[in-house]
Participant: 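I'd like to ask some things about the structure below.
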Amino acid sequence: MPRSRIDIPETIHYLSILDEHGVLDTELEPQIDDKTLIALYSAMLLGRRFDERMLDLQRQGRIGTFPPIKGQEAAQIGSIFQLKSTDWFVPAFRETAAEIWRGRSLESILLYYNGFNEGTIIPADQRDLPMAVPVGSQILHATGLGYAARYRGTDEIVMTYFGDGATSEGDFHEGLNCAAVYQAPVIFICQNNQWAISIPLKQQTHSATIAQKALAYGMPGIQVDGNDVLAVYTAAQEAAERARNGDGPTLIECVTYRVMMHTTADDPSRYRDDEEVERWRQKDPLTRFAVYLQNKGLLDQSREQEIETEVLAKIQTAVDSAEKQMKTLGEPLDMFNHLYAKMPPSLQCQKEEVRQYLANNTGEVHHG
Amino acid sequence: MPRSRIDIPETIHYLSILDEHGVLDTELEPQIDDKTLIALYSAMLLGRRFDERMLDLQRQGRIGTFPPIKGQEAAQIGSIFQLKSTDWFVPAFRETAAEIWRGRSLESILLYYNGFNEGTIIPADQRDLPMAVPVGSQILHATGLGYAARYRGTDEIVMTYFGDGATSEGDFHEGLNCAAVYQAPVIFICQNNQWAISIPLKQQTHSATIAQKALAYGMPGIQVDGNDVLAVYTAAQEAAERARNGDGPTLIECVTYRVMMHTTADDPSRYRDDEEVERWRQKDPLTRFAVYLQNKGLLDQSREQEIETEVLAKIQTAVDSAEKQMKTLGEPLDMFNHLYAKMPPSLQCQKEEVRQYLANNTGEVHHG
Amino acid sequence: MAKMTMVQALNLALKQEMAQDDSVVLLGEDVGPDGGVFRVTDQLIDIYGKERVIDTPLAESAIVGMGIGMAIHGLKPVCEIQFSGFAYQNFHQLENHAARMRWRTQGRLTVPMVMRAPYGGGVRALEHHSESREAYWAHTPGLKMVIPSGPRNARALLVAAIRDPDPVIFYEAKGLYRAFREEVPEEEEVMEIGVPQLVQEGDDVTFISYGAMLRPALEAAEQLAAEGINVEVIDLLTISPLDDRLLIESVKKTGRAVIVHEAPRSFGAGAEIVSRLLEGAFYYLEAPVQRVTGYDIVIPYFSREKAYMPDTARIIKAARATLNT
Amino acid sequence: MAKMTMVQALNLALKQEMAQDDSVVLLGEDVGPDGGVFRVTDQLIDIYGKERVIDTPLAESAIVGMGIGMAIHGLKPVCEIQFSGFAYQNFHQLENHAARMRWRTQGRLTVPMVMRAPYGGGVRALEHHSESREAYWAHTPGLKMVIPSGPRNARALLVAAIRDPDPVIFYEAKGLYRAFREEVPEEEEVMEIGVPQLVQEGDDVTFISYGAMLRPALEAAEQLAAEGINVEVIDLLTISPLDDRLLIESVKKTGRAVIVHEAPRSFGAGAEIVSRLLEGAFYYLEAPVQRVTGYDIVIPYFSREKAYMPDTARIIKAARATLNT
Ligand SMILES: Cc1ncc(C[n+]2csc(CCOP(=O)(O)OP(=O)(O)O)c2C)c(N)n1
Ligand SMILES: Cc1ncc(C[n+]2csc(CCOP(=O)(O)OP(=O)(O)O)c2C)c(N)n1
Ligand SMILES: [Mg+2]
Ligand SMILES: [Mg+2]
């Protein structure tokens, strides 16, 4: 075969089930019971409303900088739903809805964005990693967890999240390559929200899709409509099954959109058009899912209102509770804790130095 | 298109022209003039014989550790031939044949492997980077050079080399991704010699080929028989044309084999079978190319002997010259040179400290 | 002369250097239309185009690694790493290559590159956005480590860094970006890299600091002046290669020193300064040199950040300690 | 007790820890059938299989990043980086994550990981194979930096490192791997991390060193003893967190100190030791502390390596300098 085309065993598919107009592909419709459907909807709504509330709080100076998730609720909830509590969740930093679904308290999120180390507490019964700020770096932890899970003979799987920007980092490459080599039970969820701060996807990579990057690793890859919770759910379910059965990792590209600013410190008007945002608002994941539920007779106005009220009450309770807690937290000496299992002598000295200083400090300053 | 296969615009090809038995695909045979064909052969032979001589020297303790290239001559010479002297050559550390072709003196190579910093001198009229020991790290320099070449409006191209192992490094990923984004004129030559020290390709990656990794970047990729100098030549020529015309980067996987140890410090019997090595010895790039030249009437026994004699003489001269030079090199104070354009005061002090110390040292030690 | 913030002064430096030398290019995440997350590269893409103000994929090793290639080609790349806490992704490119290319090629190939990165605490940022680890680069032979302390020297040092024939790591204190304004001349101003500056003369004790910590040091000096204590204040500006002559001279005069930096204390830049003072002024030292620094911990999330950061009161306390002995 | 080289002693430590705890796994480049390029993991794959002795793709960030994930799961990964000069590829995984995971999660998730790497010069190696940059890790809060000085303490410290609940960077001096043999007991031996060791008592001057430099320091001490100069020698063993109590005590007695390491001098570990001595024993110091170290340059290719490396003669010279003053 002197000059011939090489056939690559893996193929890349695209999946969409419930389109932006609420039109359903009934053949592909996943079988999900009514309770679960409502749970999916509620989780997405909670993600949405909490995000909106955080933005309010931030604008009022009641929390610090945070990254809104608006528009990405389906990508997060459709996928995270496939995890059991014995499975591992390895987030980046824009997975608020998924984190809440896993049981992270709204209070802890509020504490975190108010600069309290206490805000990183992980739900006691979950196997969740804390947010990872360095883009792409957490992907390798997922591969390591997957390896360990298999080494221990469990059927645990690992789901890790990252953005389109993260796919340019070396750690993305090393993480996927190793996962494929070890056939580790890891699902790589790329929330392709089209932007990495001000960098649009086409300046991030020259490949037509992110899903096809799976081919570099001999790994199955799929691109799904990330605003279609049914498509995300289905793709994640297939990948989870594969992983649990020992058939290795999968890359899922969820095509979605970051409707808001990158973080509250960002001003997207500097680099993108409102029109584009408007076009994507039309594809809102919540709206179309509500239509689907209405069509199924699972959601009417009063039920919708009920859920809305519940969600808002939950948020209000959390905000009140967090603001109360913050008044009692913040002991400076705590900053020395938890760095090592046992505090080394040199650090004890520094802690003591601070203790003494704080005890005498006020006087000093005022004499100055 | 609810569930559909995504068509990836790029396809991956395999190319072989002169097979291991010396059988030629005449349709694909590149048009190379006789002089060039002999030059290719001589360059490959020089690479081969110099390598063998270095191994001798190493075994006699006359040079330090070095990585033999035996078996990879076609992959190197077939590709490097496409570069003009205004183009950029960015090697890893196992490109001795290519380096010599570019004009690096055999002496400098011998000095280098004898631990002399003077051994890294680059031919005055070439745009070559020095060897890069950290695996994969040089790939990014190639992308940067390619960007700069385009920014300056030149038609320079860049050729960078690396092994199969290097494709697992994050820098490989970042380098190819960025080159594709900027459509930089870079040719990425992977010498897939099947091993990265003791790690065979299938433990390095789960992808069926290295060439297909190009798909992750929306970049053309091709796999060639790396022991077939005509195939390498052809693939590199196509890629060079593309790059020069502003049509961006290419990944070329040269399938070849590391016939010897990883470096002279390595013992391959710990991890691979002689049989495998023997199988690959049958595919020797020089043997089949000699047959091709014989068939073309360009090489008979006496011409072969002539070239052999020339090559050996050249090597002997270099060894003699290098061993002579080494006697005069090695001034310790030189170690402070060339770190900064202008030596900072603190370093001048340290240099002075060493100067004084060396001046007085002998006495000191013996008093001790 | 216009009153400028440090962000504006840095922007001016880039704008003017790019105007007069087309080999100067910028690259980094969001340096283009966004103007950098701190706006240091604001509008430069409008003037110089996207070939010279290069938005990169999200890949720090690529930013620095490509920068090295560009520099070898003859460009003068100014690489922006969005936060210094993400410069470890490209550590190997700096240590393995940028720092060594001139040396490795006996002067044939050089890397006249700048790596700019915001560093330091005090701005209520998220994790990894407040670190101060200049000692890593200072301990890396072949690099220069520069940290300005205000708009005017930031501008003049950045110009010098761009023109420097060797790689310069240029840390910009986030806390200073918009903290105050200084007169910055429109016409060219260049400061020599490698030369600490005497900011204020005094006989009683020497304060040595740099970056955002210079200001609390100066405030402390002012407060002490009210008590009749005369502090000599030195702004290091170049951390490495460290020129200790001015420092030693000063301590020979005062006999006492307080070093202030926000990086963790142990194995930090202060340790090297202490060593140099000991080596150069041992017989003049009248008390142990004091280090007022961050602690040997990860800088806490912002609710506790104040307790971590050196401040005027801590500096005064250290000064008193060294004076009362 | 068998006489063992350091390579054998390290192999014994790994073998025994793996035998008694199936959560101990090894990963790295060529650790499997090849047994590591220095043979530290020799034959372990035959005993424990490829699930526990994991050959990895050529990717250092992956080795450490996966190690972090494994450690969080409850394993005790021992990551091998083939040469410490290639540990900068994974710098961010250590600084951003390994060092912080316990802290970040308030103790919930921990990283009981070891990163082993050969370091140091003197073995006629190629570029990047001879560096000594322990100060990078020592300046990183949350890590422990350990360097043994011989077969016996290498074994006992590696066992401790594996059992340590926090990430430990474990540097092994290449020059010591096969330099000499020591009695190493077959039965378990564990040394506490964080505790420097008094190797030899003396009254006149204190030598502080670690790793491969301990031997020339001891040789220098021996030569000085012949002249009636009694040297106290301390082996640091744990560079960070640095416990300075023994050091300070010693210098309070001797009044003089020489620090020996092969890393570049400026901003190296020696600087921190000088600072601690100054802070803790200022009034006892009778002469400036001497630093006998590598220079602030890239370690030269091996033909000039000897001129770079501290040796007995340089140590003696420094000792004389501190004694004659
Ligand atoms: C290693 C690293 N580099 C840079 C940053 C700064 N930064 C934070 S988020 C971000 C963009 C991330 O884009 P993407 O991966 O698409 O995720 P998204 O923000 O869209 O969710 C950048 C550059 C970082 N946190 N980590
Ligand atoms: C970053 C880095 N990690 C590890 C090494 C040690 N090392 C040198 S060569 C090599 C294997 C390289 O394999 P490959 O890329 O296939 O090239 P080959 O040696 O086969 O030519 C390794 C692990 C290195 N030089 N750099
Ligand atoms: Mg994004
Ligand atoms: Mg190879």
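Note that the coordinates shown come from a computational prediction; the quantities given were computed from them, not determined experimentally. Each chain gets a letter, A, B and so on, in the order the sequences are listed, and its residues count up from 1.
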Participant: When heavy-atom pairs shorter than 4.5 Å are enumerated against chain B, which of Ile299(D), Val37(D), Asp42(D) gives the highest number?
Facilitator: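 The candidate making the most pairs under 4.5 Å is Asp42(D).
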Participant: Which residue out of Gly165(B), Pro344(B), Ala166(B), Gly170(B) racks up the most heavy-atom pairs below 4.5 Å with chain D?
Facilitator: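 Maximum pair count with chain D is reached by Gly165(B).
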Participant: Quick one: what part of Leu347(B) sits under 4.5 Å from any heavy atom of chain D, side chain, backbone, both or neither?
Facilitator: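 Leu347(B) touches chain D through side-chain heavy atoms alone.
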Participant: Say you draw a straight line from CG of Asp296(D) to OG of Ser346(B); how long is it, rounded to the nearest 0.5 Å?
Facilitator: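 Interatomic distance, Asp296(D) CG to Ser346(B) OG, rounded to 0.5 Å: 6.0 Å.
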Participant: Any Lys/Arg nitrogen of Lys317(D) or Glu353(B) sitting under 4.0 Å from an Asp/Glu carboxylate oxygen of the other?
Facilitator: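 No, no charged N to carboxylate O under 4.0 Å.
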Participant: Measuring heavy-atom distances to chain D, does Asp266(B) have an atom under 4.5 Å in its side chain, in its backbone, in both, or in neither?
Facilitator: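 For Asp266(B), side-chain heavy atoms alone lie under 4.5 Å from chain D.
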Participant: For chain B, which candidate among Arg265(D), Glu29(D), Glu305(D) shows the most heavy-atom pairs at distances under 4.5 Å?
Facilitator: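 Heavy-atom pair counts peak at Arg265(D).
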Participant: Please give me the minimum heavy-atom distance between Gln203(B) and Pro57(D), naming the atom from each residue.
Facilitator: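 Nearest heavy atoms, Gln203(B) then Pro57(D): O-CG, 3.7 Å.
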Participant: Tell me if the CD atom of Glu275(B) is crowded by more than 12 foreign heavy atoms within 6.0 Å.
Facilitator: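 No, because the 6.0 Å sphere around CD of Glu275(B) holds 12 heavy atoms or fewer from other groups.
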Participant: For Ile197(B), is it the side chain, the backbone, both, or neither that has a heavy atom closer than 4.5 Å to a heavy atom of chain D?
Facilitator: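 For Ile197(B), heavy atoms of backbone and side chain both lie under 4.5 Å from chain D.
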Participant: Under 4.5 Å from any heavy atom of chain B, what part of Glu219(D) do you find: side chain, backbone, both or neither?
Facilitator: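 The answer is neither part of Glu219(D).
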Participant: If you count heavy-atom pairs under 4.5 Å with chain B, which of Glu127(D), Arg124(D), Glu60(D), Gln89(D) comes out on top?
Facilitator: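 Option with the top pair count is Glu60(D).
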Participant: Pick one of side chain, backbone, both or neither for Phe86(D), based on which atoms fall under 4.5 Å of a heavy atom in chain B.
Facilitator: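 Just the side chain, heavy atoms under 4.5 Å.
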Participant: Might you point out which heavy atoms bring Ser266(D) and Gln350(B) nearest each other, and give the distance in Å?
Facilitator: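 Looking at all heavy atoms of both residues, the closest pair is OG-NE2, 4.4 Å.
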Participant: Which atoms of Tyr88(D) are under 4.5 Å from chain B, going by heavy atoms: the side chain, the backbone, both sets, or neither?
Facilitator: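 Tyr88(D) has no heavy atom closer than 4.5 Å to chain B.
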Participant: Which one of Leu339(B), Asp164(B), Asn117(B) has the most heavy-atom pairs closer than 4.5 Å to chain D?
Facilitator: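 Answer, by heavy-atom pair count under 4.5 Å with chain D: Asn117(B).
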Participant: Side chains of Tyr113(B) and Leu126(D), heavy atoms from C-beta outward: is any pair under 4.5 Å?
Facilitator: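 Heavy-atom side-chain distance check passes, below 4.5 Å.
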Participant: In this structure, are over 12 heavy atoms from other groups packed under 6.0 Å from Asp273(B) atom CG?
Facilitator: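 Correct, the count exceeds 12.
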Participant: How close do His129(D) and Val133(B) get, counting heavy atoms only, and between which atoms?
Facilitator: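 So the minimum-distance heavy-atom pair works out to CE1-CG1, 3.5 Å.
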Participant: Is the count of non-hydrogen atoms from other residues, nucleotides or ligands lying under 6.0 Å from Lys351(B) atom NZ greater than 12?
Facilitator: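 Above 12, so yes.
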Participant: Quick check on Gln348(B): does its CD atom have over 12 non-hydrogen neighbours (other residues, nucleotides or ligands) under 6.0 Å away?
Facilitator: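 Above 12, so yes.
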Participant: Does any heavy atom of chain D fall under 4.5 Å from the side chain of Thr120(B), the backbone, both, or neither of them?
Facilitator: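 Side chain of Thr120(B) only, per the 4.5 Å heavy-atom cut-off to chain D.
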Participant: Considering non-hydrogen atoms only, spot the tightest contact between Ala313(D) and Tyr357(B) and give its length.
Facilitator: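 Scanning both residues completely, I find the closest heavy atoms to be CB-OH, 3.0 Å.
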Participant: If we ignore hydrogens and angles and just use 3.5 Å, is the side chain of Arg304(D) paired with the main-chain N or O of Phe116(B) as donor and acceptor?
Facilitator: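 It does not hold such a pair.
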Participant: Testing the basics here: between Tyr271(B) and Pro33(D), what is the closest heavy-atom pair and its distance to 0.1 Å?
Facilitator: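 For Tyr271(B) versus Pro33(D), the nearest heavy atoms are CB-CB, 4.1 Å.
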Participant: What's the shortest heavy-atom distance between Val135(B) and Leu58(D), and which atoms?
Facilitator: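 It is CG1-CD1, 3.6 Å.
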Participant: Let me confirm one number: the OG1-CZ distance from Thr65(B) to Phe302(D), rounded to the nearest 0.5 Å.
Facilitator: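 With rounding to 0.5 Å, OG1 (Thr65(B)) is 7.0 Å from CZ (Phe302(D)).
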Participant: In terms of heavy-atom pairs under 4.5 Å, which option from Tyr340(B), Phe172(B), Tyr112(B) contacts chain D the most?
Facilitator: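 Heavy-atom pair counts peak at Tyr112(B).
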Participant: Measure Thr312(D) against the heavy atoms of chain B and call it side chain, backbone, both or neither at under 4.5 Å.
Facilitator: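 Neither part, no heavy atoms under 4.5 Å.
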